[in-house]
There are 2 protein chains.
Amino acid sequence: MTRSGADLALLLLGGFRALADAGSAELADRGYDKIRPIHDFALRSILAGADTTAELARELGISKQAVIKTVGFLEAEGYVAVEADERDGRRRLYSLTDRGQALLRTGEQVFNELRDRWAQRIGAEQVEAVGDALADLGIRAPTHLDAAGWFSGSSSP
Amino acid sequence: MTRSGADLALLLLGGFRALADAGSAELADRGYDKIRPIHDFALRSILAGADTTAELARELGISKQAVIKTVGFLEAEGYVAVEADERDGRRRLYSLTDRGQALLRTGEQVFNELRDRWAQRIGAEQVEAVGDALADLGIRAPTHLDAAGWFSGSSSP
DNA sequence: TCGATACGTCAACCAGGTTGTCGTAACATG
DNA sequence: CATGTTACGACAACCTGGTTGACGTATCGA
């Protein structure tokens with residue numbers, strides 16, 4: 001085995017960072033500014049039905065307070081609409097605006113283009129092999145990308 | 001192409017996180033507590049000759065102040081020794097203690113074991129293929145793992 | 001009906017960075 | 001040499017993105 005385990009880990013991180021940075025830049029170019037992955041996660045979860053603060057908190061694995069701040073941003077930027085729940089006076093129901101849905105579509109497209117650009121350079125099979133290997137290892141997309149404290153002792157509280 | 005680009009990105013992140021979390025836990029088990037990747041980076045850079053604050057800051061891509069805090073932790077934990085520079089009164093020279101060197105060795109070993117465990121599960125060629133693909137794409141280990149603000153607009157200031 | 005539970009929010013805090021300022025040491029140059 | 005320029009290291013203050021704890025209120029269930 002030629003490559004050290006640490007190098008492998010850093011390559012994985014580097015790969016993600018390359019995609020994330022390029023995707024972020026591309027989204028900004030297309031008018032979606034200041035978007036971080038957590039925003040995409042949140043929008044996706046809302047679309048999938050997690051449309052209250054507590055539910056989003058559970059889904060995203062962050063605190064309710066963090067959800068309030070995040071959704072506050074998304075609302076201010078026009079991606080999310082908030083309305084009262086008729087049936088439960090405590091709840092505030094979140095939903096995606098047209099702009100929010102457009103962001104999700106654009107994001108998907110952008111990342112597919114980036115993946116295709118990789119495929120052009122090293123071959124589609126190679127790119128697929130990377131995803132297959134990780135999927136075979138049971139790696140699941142971390143819903144829970146706690147930016148701070150990656151390596152900081154406890155990983156899942 | 002079956003897998004979306006976004007999924008691929010998340011798999012890469014998930015792969016890194018899986019290694020990093022397992023490595024962190026394993027290191028903690030072996031008595032190296034509260035260690036984050038940046039600490040390993042810093043130790044490695046010191047060993048490679050970046051033995052002053054300013055030099056480390058350049059090497060790690062973070063501010064001098066952040067270096068001071070980081071090295072302060074490493075010194076307090078006994079991984080790094082600090083002494084005055086005879087020839088330049090401003091400088092403080094960093095060096096690795098025995099414990100610091102032991103941490104680096106242990107870390108390397110731990111991550112190699114994790115890689116081997118992956119290889120047992122999906123085959124060494126598959127694991128190697130992942131590294132090769134990323135390396136072929138010119139992915140470089142990010143020296144510069146700014147935990148905060150991954151996706152936050154500017155990636156490299 | 002009334003206690004237990006869940007929701008949403010606020011204020012306070014925390015970690016890990018950055019920026020700006022400063023004193024001081026070294027260096028270059030006229 | 002004398003001195004302006006540059007580099008180093010440290011401090012304080014601040015920023016960001018999260019957490020925790022307390023609280024008021026609404027709902028539910030026995």
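What you are looking at is a predicted structure, and each value in this text was computed from that prediction instead of being measured. Order of the sequence lines fixes the chain letters, A, B, ..., with proteins taken first and strands second; residue numbering starts at 1 for each chain.
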- Message: Given dA10(D), dG17(C), dT20(D), identify the nucleotide with an atom nearest to the side chain of Ile38(B).
- Response: dG17(C)
- Task: Output the single nucleotide from dG8(C), dT20(D), dA10(D) whose closest atom is nearest the side chain of Ser63(A).
- Result: dT20(D)
[X] side-chain N/O to [N] phosphate OP1/OP2 under 4.0 Å:
{"X": "Arg58(B)", "N": "dC8(D)", "answer": "yes"}
{"X": "Arg36(B)", "N": "dG16(C)", "answer": "yes"}
{"X": "Arg92(B)", "N": "dA10(D)", "answer": "yes"}

In whole Å, what is the span from the [atom1] atom of [X] to the [atom2] atom of [N]?
{"X": "Asp88(A)", "N": "dT25(D)", "atom1": "CG", "atom2": "P", "value": "15 Å"}
{"X": "Glu55(A)", "N": "dC7(C)", "atom1": "CD", "atom2": "P", "value": "8 Å"}
{"X": "Lys64(A)", "N": "dG18(D)", "atom1": "NZ", "atom2": "P", "value": "17 Å"}
{"X": "Asp85(A)", "N": "dT9(C)", "atom1": "CG", "atom2": "P", "value": "13 Å"}
{"X": "Arg87(A)", "N": "dT25(D)", "atom1": "CZ", "atom2": "P", "value": "24 Å"}
{"X": "Leu56(B)", "N": "dC8(D)", "atom1": "CG", "atom2": "C1'", "value": "13 Å"}
{"X": "Arg90(A)", "N": "dA26(D)", "atom1": "CZ", "atom2": "P", "value": "9 Å"}
{"X": "Lys69(B)", "N": "dA12(D)", "atom1": "NZ", "atom2": "C1'", "value": "10 Å"}

- Query: More than 12 foreign heavy atoms under 6.0 Å from CG of Asp98(B): is that the case here?
  - Reply: no
- Query: Heavy atoms, side chains only, cut-off 4.5 Å: are Leu11(B) and Val130(A) in contact?
  - Reply: no
- Query: Touch check for Thr53(B), heavy atoms < 4.0 angstrom, all strands: base, sugar-phosphate only, or nothing?
  - Reply: sugar-phosphate
- Query: Is Ala54(B) touching bases, backbone alone, or none of the nucleic acid, heavy atoms closer than 4.0 Å?
  - Reply: sugar-phosphate
- Between Glu108(B) and Ser4(A), is any side-chain donor less than 3.5 angstrom from a side-chain acceptor? no
- Message: I'd like to know if Arg92(A) pairs up with Glu86(A) as an ion pair, taking the criterion as any Lys NZ or Arg NE/NH1/NH2 lying under 4.0 Å from an Asp or Glu carboxylate oxygen.
- Response: no
- Phe73(A) and His39(A) aromatic ring geometry - parallel, tilted or perpendicular at 30°/60° bounds: parallel
- Note on the structure: Comparing Ala66(A) with Arg91(B), nearest DNA chain D nucleotide closer to 5' gives the residue Arg91(B)
